[in-house]
Amino acid sequence: MTGLLGPAEIRELAARLGVTPTKKLGQNFVHDPNTVRRIVTTAGLTPDDVALEVGPGLGSLTLALLPVAAHVHAVELDPALAAALPDTAARFAGTAAERLTVHPADALRVTAADLADPAPTALVANLPYNVAVPVVLHLLAELPTLRHGLVMVQKEVADRLVAGPGSKVYGIPSVKLAWYARSRAAGKVPPNVFWPVPNVDSGLVAFTRREPPRPDVPRRAVFAVVDAAFAQRRKTLRAALAGWAGGADRAAAALTAAGVDPGARGESLTVEQFAAIAASAPDAPGAEQ
């Protein structure tokens, strides 16, 4: 794999474009070729995969994806960076640049129709820290063709995404990702591979899509239970779900019908158990993911 961006190329591109990384957009540009090689290798892309990259920035990861994927969709919110990316690809990736489609858009608003030709099969991205979880959940909900992925996020967020029941960091992101996919921690990334250097480590999260644990229960209904359970995580589920169910007694009845102890707390439940609770109260209100 050649034509990757190092520190000198990153600085030159940024200077030429007049780009200064902003905290508002969560921009931290990777300038280490070995890191992007590692990401692409760990992602396990096949020649048939259509990669979706969110927040390509100056193009470090994009250039590593182009030689190995059938196509790359790059979704970039910053207009200047989106406009410059095709030229960067042409300069550094040669004919592989023809596989790139740049979408100047907000990843939280893209739809399956926006990315339909060809449809993405793998999400591979260095995600902006401030929107990482919403972006992952939105894309999994919106793009049923996504089969697997590898994302780089703040280490603390990575730990939450892959946590299991009983963990101190198990919560809403853990359960909602588990609804869509099996996930695992795929390594740590030090701050010094970024410009500017963040004050935290990053982590890689790999996931593989699976069928929902209860296809007969609407996702919206399950996520409403999850949101309610963790909104007051120190309370028992009987108390935490009272508002959701229309009273503590109704919550207890729904929990008992689902085979869940009303005295348990949300952090002890699997996604399957949350789905069972939602199924036990089909008239409960839904919620967005």
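Since the structure is predicted, the reported quantities are computational estimates derived from the model, not experimental observations.
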If two hydrophobic side chains count as joined below 4.5 Å and joins carry through other members, does [X] share a cluster with [Y]?
X      : Y     : result
Leu100 : Val50 : no
Leu5   : Val19 : yes
Phe194 : Leu17 : yes

Between [X] and [Y], is there a donor-acceptor pair closer than 3.5 Å when you use the side chain of the first and the backbone of the second?
X      : Y      : result
Ser60  : Val30  : yes
Ser174 : Gly171 : yes
Arg147 : Arg209 : no
Arg210 : Arg182 : no
Asn28  : Pro196 : yes
His103 : Ala74  : no

- Task: Return yes if a side-chain donor-acceptor contact under 3.5 Å exists between Asp114 and His73, otherwise no.
- Result: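 No.
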Tyr170 and Ser268: side chain donor to acceptor below 3.5 Å
no
field: Stepwise salt bridge (charged side-chain N to carboxylate O under 4.0 Å, His left out) test for Lys176 and Asp227
entry: CA-CA 10 Å; Lys176 291 185 176 180; Asp227 289 338; 2.9 Å; yes
| said: With a 6.0 Å cut-off (strictly less than), is the heavy-atom count around CZ of Arg16, excluding the residue itself, greater than 12? | reply: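 For Arg16, atom CZ is crowded (more than 12 foreign heavy atoms under 6.0 Å).
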Residue among Thr46, Asp49, Thr121 satisfying side chain to side chain donor-acceptor pair (under 3.5 Å) with His148:
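Exactly one pass, corresponding to Asp49.
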- Query: OH/Tyr180 to CZ/Phe207 distance, rounded to the nearest 0.5 angstrom?
  - Reply: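 That separation rounds to 11.5 Å.
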- prompt: Considering residues at least two apart in sequence or located in another chain, which fulfil the ring pair (Phe, Tyr, Trp, His ring centres under 6.0 Å) criterion with His31?
  reply: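 In terms of ring pair (Phe, Tyr, Trp, His ring centres under 6.0 Å), with neighbours along the sequence ignored, His31 is linked to no residue.
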Inset, instruction - Taking the side chain as every heavy atom from C-beta outward, state whether Val153 and Ser202 have any atom pair closer than 4.5 Å. - result: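 With C-beta onward as the side chain, the pair stays apart.
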